[in-house]
Amino acid sequence: MDIRSVGIVGAGQMGNGIAHVFALAGYDVLLNDVNEDSLQKAVAIIDRNLERQVSRGKVSAKDRQAAMGRIRTTMTLADLGPSDLVIEAATERETVKQAIFDALLPHLKPETILTSNTSSISITRLASRTDRPEKFMGFHFMNPVPVMQLVELIRGIATDQATYSALHAVVEKLGKTAASAEDFPAFIVNRILIPMINEAVYTLYEGVGNVRSIDEALKLGANHPMGPLELADFIGLDTCLAIMNVLYDGLADTKYRPCPLLTKYVEAGWLGRKSQRGFYDYRGEVPVPTR
Ligand code: NAD
């Protein structure tokens, strides 16, 4: 299976990072979004991030220019029909993803591999509602995509070996490393990482430590490059809460109950860096703990 062209649905945080690494690896990229503004922003962000890589000597000016030349955008989903590979990276809501697949499938060539970058939705369930469950996989990139080395490959129950092998080869061409995960809630990385963050929020909630002491403790005591609360702000507290709920519902085990304090921050709209306030307040020169 020779993959040359890649269609990406959703030009947000993940979609633009995925477009960046594919274009740099030589693939033709067609980026789709329902929002024209998101498409324009995505192209500007990719250009800026590539420029940063050039200034750090990681990418040559020529490669940057070639990569930008391989990225096109469209608001018409049907334009992705001839792509060899489609990566859905739209908003994390099952109804949104379902509607995208329903609208896209009639335009796709039969051999196209269809994937989703979902962090938590069942790959088997998404695949079962398409015309190609054997050519459907979870293709889970980490944020920020140009920086993070790992990609989780998640097979649904029906995914065939040819599809898995084709995507494994793509990950290698991107210069990244694949980890295979079975299709159970939150896969590997988030299954371990998000409950750790939730436990850090419990530690704060119960007064065992404050924001600063908890983050310092894990950085200096466990050699983590970032404290768990700082990391939660980076991921987005709404995303952390949504993943805890997926674990709680999907595994039916009370050890995954979300901390009430995490729910409270989300209710307040304090979602972390993206809303300028979470466990830290980012509105000033330096982040200040909010508890
Ligand atoms: P985001 O909110 O930054 O971007 C989502 C984009 O999808 C937006 O630009 C939105 O306009 C677009 N969109 C919504 N409906 C659409 C439609 N019908 N057709 C085309 N585009 C549509 O979200 P994100 O953080 O980039 O997350 C995207 C996906 O990646 C989610 O499934 C998420 O679970 C997954 N993911 C996120 C992270 C992360 O750290 N943010 C990490 C790994 C995976």
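Sequence positions, counted from 1, serve as the residue numbers for this chain. Just so you know, these numbers come straight off a predicted model, no measurement behind them. When a ligand or atom number is given, it counts from 1 through the structure's own listing order.
Looking at Glu88 next to ligand 1, no N or O pair under 3.5 Å apart turns up.
In terms of hydrophobic clustering, with Ile, Leu, Val, Met, Phe, Trp and Tyr side chains grouped at heavy-atom distances under 4.5 Å, Met14 and Ile71 are assigned to a common cluster. Cluster annotation: Val151 and Ile123 are assigned to distinct hydrophobic clusters (Ile/Leu/Val/Met/Phe/Trp/Tyr, side-chain heavy-atom contacts under 4.5 Å, transitive).
For atom 29 (C) of ligand 1, the nearest protein heavy atom (residue, atom name, distance) is Ala90 O, 3.3 Å. Among protein heavy atoms, atom 26 (O) of ligand 1 sits closest to Met14 N, 2.8 Å. When hydrogens are left out, the protein atom nearest atom 4 (O) of ligand 1 is Gly12 CA, 3.2 Å; that is the closest non-hydrogen contact. In this structure, atom 44 (C) of ligand 1 lies nearest to the protein heavy atom Ser119 OG, 3.1 Å. Among protein heavy atoms, the minimum distance from atom 23 (O) of ligand 1 is reached at Gln13 N, 4.7 Å. For atom 19 (N) of ligand 1, the nearest non-hydrogen atom of the protein is Val34 CG1, 3.5 Å. For atom 5 (C) of ligand 1, the nearest non-hydrogen atom of the protein is Thr91 N, 3.7 Å. With hydrogens left out, the protein atom closest to atom 34 (O) of ligand 1 is Glu92 OE1, 2.9 Å, a heavy atom.
At least one donor-acceptor pair closer than 3.5 Å links the side chain of Arg132 to the backbone N or O of Pro110.
Protein heavy atoms are absent from the 4.0 Å sphere centred on atom 2 (O) of ligand 1.
The proximity of Ser38 to ligand 1, defined as any non-hydrogen pair under 4.0 Å, is limited to the side chain. Residue contacts with ligand 1, taken as heavy atom pairs separated by less than 4.0 Å, involve Asn117 via backbone and side-chain atoms alike. Of all the heavy atoms of Ile100, the ones lying under 4.0 Å from any atom of ligand 1 belong exclusively to the side chain.
Every atom of ligand 1 is numbered from 1 in the order shown, and the set under 4.0 Å from a heavy atom of His140 is 43 (C), 44 (C). Under a 4.0 Å criterion applied to the non-hydrogen atoms of Ala89, ligand 1 contributes the atoms 28 (C), 29 (C). Against a heavy-atom cut-off of under 4.0 Å, Lys97 is close to the following atoms of ligand 1: 31 (C), 32 (O). Interface of Asn32 with ligand 1, defined as ligand atoms under 4.0 Å from a residue heavy atom, comprises 20 (C). Per-residue contacts place Phe141 under 4.0 angstrom from the following atoms of ligand 1 (heavy atoms of the residue considered): 42 (C), 43 (C), 44 (C). With ligand atoms numbered from 1 in the order given, ligand 1 contributes 32 (O) to contacts under 4.0 Å with heavy atoms of Thr118. Atoms of ligand 1 lying under 4.0 Å from at least one heavy atom of Val96, given by number and element, are 15 (N). The Gly10 neighbourhood of ligand 1 comprises atoms 7 (O), 21 (N), with distances under 4.0 Å to a heavy atom of that residue.
For the pair Lys173 and Tyr27, the cation-pi test (distance below 6.0 Å, angle within 45°) is passed. Taking the ring axis of Tyr164 as reference, the NZ or CZ atom of Arg155 stays within 45° of it and closer than 6.0 Å to the ring centre.
At a cut-off of 3.5 Å, with distance as the only test, a side-chain donor of Gln98 or Asp102 sits close to an acceptor on the other residue. With 3.5 Å as the limit, one finds a donor-acceptor pair spanning the side chains of Tyr265 and Thr290. At a cut-off of 3.5 Å, with distance as the only test, a side-chain donor of Gln13 or Asn143 sits close to an acceptor on the other residue. Thr124 and Asp183 share a side-chain donor-acceptor pair at under 3.5 Å. A donor-acceptor contact closer than 3.5 angstrom links the side chains of Tyr282 and Asp233.
Between Val9 and ligand 1 there is a heavy-atom distance shorter than 4.0 Å.
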Passes side chain to side chain donor-acceptor pair (under 3.5 Å), Tyr256 versus Arg191? Steps please.
CA-CA 10 Å; Tyr256 296 112; Arg191 167 81 177 261; 3.1 Å; yes
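Under a cut-off of 6.0 angstrom, the local environment of CD in Glu94 is crowded, with over 12 non-hydrogen atoms contributed by other residues, nucleotides or ligands. Heavy atoms of other residues, nucleotides or ligands lying less than 6.0 angstrom from CD of Gln65 number 12 at most.
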